[in-house]
Peer 1: 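Take this structure first; my questions come after.
A, B, ... follow the sequence lines: proteins, then strands. Residue 1 opens every chain. The structure presented is a predicted model; accordingly, all values stated were derived computationally and were not measured. The figures here come from the full heavy-atom set of this structure, side chains too, leaving out hydrogens, waters and symmetry mates.
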Number of protein chains: 2
Amino acid sequence: MSDEKPRRTRAEQRRETEARILAAARATFAELGYERTTIRGVASAAGVNAGLVMHYFGSKEELFSRAAMLPEEELPVGHPAEALLTSLRRRLDDEPVASLVVLRSMLTHAEASGEFRVAASAWLDRVGAAIPAADAELRAGLISAIINGVVLDRYLLKLSSLADAPADDILALLRPCFESLAGESG
Amino acid sequence: MSDEKPRRTRAEQRRETEARILAAARATFAELGYERTTIRGVASAAGVNAGLVMHYFGSKEELFSRAAMLPEEELPVGHPAEALLTSLRRRLDDEPVASLVVLRSMLTHAEASGEFRVAASAWLDRVGAAIPAADAELRAGLISAIINGVVLDRYLLKLSSLADAPADDILALLRPCFESLAGESG
DNA sequence: GTCTATACATCGATAGAC
DNA sequence: GTCTATCGATGTATAGAC
């Protein structure tokens, strides 16, 4: 009687709103961390009501999981050092926000939800396997630590000259480090 | 009529209790971060009442500032790379807890309180001044990032093999990195 | 000096109206 | 599909008794 026109199905409308909420959640979790992010705040940022967020996601925890979910990162092939530098570059340029959600959330919340820990662990295994050395695991761990530290200082703490420096300069200075850690020498 | 004996003056008693509260606060902030730390929890850990903590420190924010206050770290003299490795070693062995309060708190809270940012900035300036290169500031920032990343992965995220590795092994693998970043080559 | 009692705010979550 | 109303829990902070 009313809407004959194929404007939007209910399902479409829902997916659209859900996507808006997820985007707002991602941004807020990245900026404030888990604890300081409120359902009300996310809802407000998405232009909807707090009750609706709960209705869609059920709980704050679930909303967080959905928002922090990342497409698993595949390691580029080639010389390990170069591949890792490429990986770092992507995290510096393409998706600083995505990196932030994971990094900040691991610190404010995720001691409990071991999701990230397994993901990080898998990444470490792959890196370690690509390094020809007896202490490959430790070397992989150090490379991961360096990447985390750079993202941390640059985007979270906004410390030092790292925040302003071009990604190219950072990569150039870090290249010897990565080669030393991932290189062929045992 | 009652206490003639010089057991403890009221001021002494207060300082003692205050110290106990501060120790508990430090440990709790390090473990849980700012948001998840509660006055009640700190008070309970210190064996006193929550009201007393407020009475002494006035607010959670003030308690946090006092607890996170660190003796400013002087940079060892000598070759910059060696001095920085020594600095890292101290943070790995001597006082992981102290490092954690600052690091974790910068992430869960301290975007606001710029105290740490100035402290870190001063440290960076000193490191930068010791590096003979045109881009000394960026190099100092990267070294700081590496140190932060290592402490982060080892003690906060407890990720990877970093958590279990002996400090000596970590330092040995990192030495070329530090030399490359703080070295004489421009 | 230390503790009890409580005011006041905020948040996550639920139930139900429209 | 979306919003209002509200419950229950928790936390900071205050006032005052002992």
Side-chain angles (χ1 to χ4, degrees), chain A residues 1-3 5-25 28-29 31-68 105 108-110 112-113, chain B residues 1-25 28-29 31-68 105 108-109 112-113:
Chain A
M1 207 120 23
S2 52
D3 42 1
K5 292 171 290 186
R7 275 177 202 265
R8 278 194 203 93
T9 73
R10 238 132 131 116
E12 282 174 339
Q13 175 73 3
R14 158 152 188 163
R15 275 206 312 276
E16 187 179 296
T17 305
E18 201 174 298
R20 246 185 21 249
I21 295 175
L22 269 180
T28 311
F29 278 127
E31 190 191 343
L32 300 179
Y34 183 83
E35 316 290 337
R36 290 174 53 191
T37 296
T38 66
I39 302 279
R40 287 167 159 86
V42 170
S44 169
V48 298
N49 185 269
L52 191 62
V53 176
M54 291 300 301
H55 187 241
Y56 281 171
F57 298 92
S59 72
K60 183 182 181 181
E61 174 69 33
E62 181 71 14
L63 172 64
F64 170 73
S65 291
R66 297 274 308 272
S105 301
T108 63
H109 173 248
S113 100
Chain B
M1 205 57 108
S2 54
D3 40 2
E4 289 279 319
K5 289 172 290 183
R7 277 174 202 263
R8 279 193 202 95
T9 72
R10 235 127 131 122
E12 282 174 338
Q13 175 72 5
R14 161 153 186 160
R15 274 206 314 277
E16 187 179 295
T17 305
E18 201 174 299
R20 241 180 30 245
I21 295 175
L22 270 180
T28 311
F29 279 126
E31 190 190 344
L32 301 179
Y34 184 83
E35 316 291 336
R36 291 173 53 192
T37 296
T38 67
I39 301 280
R40 286 168 158 83
V42 171
S44 168
V48 298
N49 186 270
L52 190 62
V53 176
M54 292 300 301
H55 187 240
Y56 281 171
F57 297 93
S59 72
K60 183 182 181 180
E61 173 69 35
E62 181 71 14
L63 172 64
F64 170 73
S65 292
R66 297 274 307 275
S105 302
T108 62
H109 172 250
S113 99

Peer 1: With rounding to the nearest 0.5 angstrom, report the CD to NE2 distance, B:Glu18 to B:His55.
Peer 2: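 If I round to the nearest 0.5 Å, the distance is 11.0 Å.
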Peer 1: Which residues, if any, of residues 14-23 of chain A bring a heavy atom under 4.0 Å of DNA chain C?
Peer 2: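 None, since no heavy atom is under 4.0 Å.
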Peer 1: Which label fits A:Tyr34 and A:Phe29: parallel for a plane angle under 30°, tilted from 30 to 60°, or perpendicular past 60°?
Peer 2: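 Answer is parallel, since the angle falls under 30°.
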Peer 1: Whole angstroms only, please: what is the CG-C1' distance between A:Asn49 and C:dC18?
Peer 2: 13 Å
Peer 1: With a non-hydrogen cut-off below 4.0 angstrom, is A:Ala43 in contact with a base, only sugar-phosphate, or nothing?
Peer 2: nothing
Peer 1: Give the rounded distance in Å between these two atoms: CG of A:Leu63 and P of C:dG12.
Peer 2: 10 Å
Peer 1: In Å and rounded to the nearest 0.5 Å, what is the CG to OG1 distance from A:Leu63 to A:Thr37?
Peer 2: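 Here the rounded value is 9.0 Å.
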Peer 1: Calculate the interatomic distance between A:Glu35 atom CD and D:dG11 atom P; express it in whole Å.
Peer 2: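 Rounding to the nearest Å, CD of A:Glu35 and P of D:dG11 are 11 Å apart.
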Peer 1: Give, for atom CD1 of B:Ile39 and atom CZ of B:Phe57, the distance between the pair rounded to the nearest 0.5 Å.
Peer 2: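 Separation between the atoms: 9.5 Å.
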Peer 1: Is the distance from OP1 or OP2 of D:dT2 to the nearest side-chain N or O of A:Tyr56 less than 4.0 Å?
Peer 2: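 Yes.
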Peer 1: Please report the distance, rounded to the nearest Å, between NZ in A:Lys60 and C1' in D:dT10.
Peer 2: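 Spelled out: NZ on A:Lys60 to C1' on D:dT10 is 13 Å.
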Peer 1: In whole Å, what is the span from the CD1 atom of B:Ile39 to the P atom of C:dT4?
Peer 2: 17 Å
Peer 1: If I take atom NE2 in residue B:His55 and atom P in nucleotide D:dG16, what distance separates them, rounded to the nearest angstrom?
Peer 2: 13 Å
Peer 1: May I have the distance from A:Phe57 (atom CZ) to D:dT2 (atom P), rounded to whole angstrom?
Peer 2: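 A:Phe57 atom CZ is separated from D:dT2 atom P by 12 Å.
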Peer 1: Rounding to a whole Å, what distance do you find between A:Arg36:CZ and D:dT10:P?
Peer 2: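 Checked: the CZ to P distance equals 22 Å.
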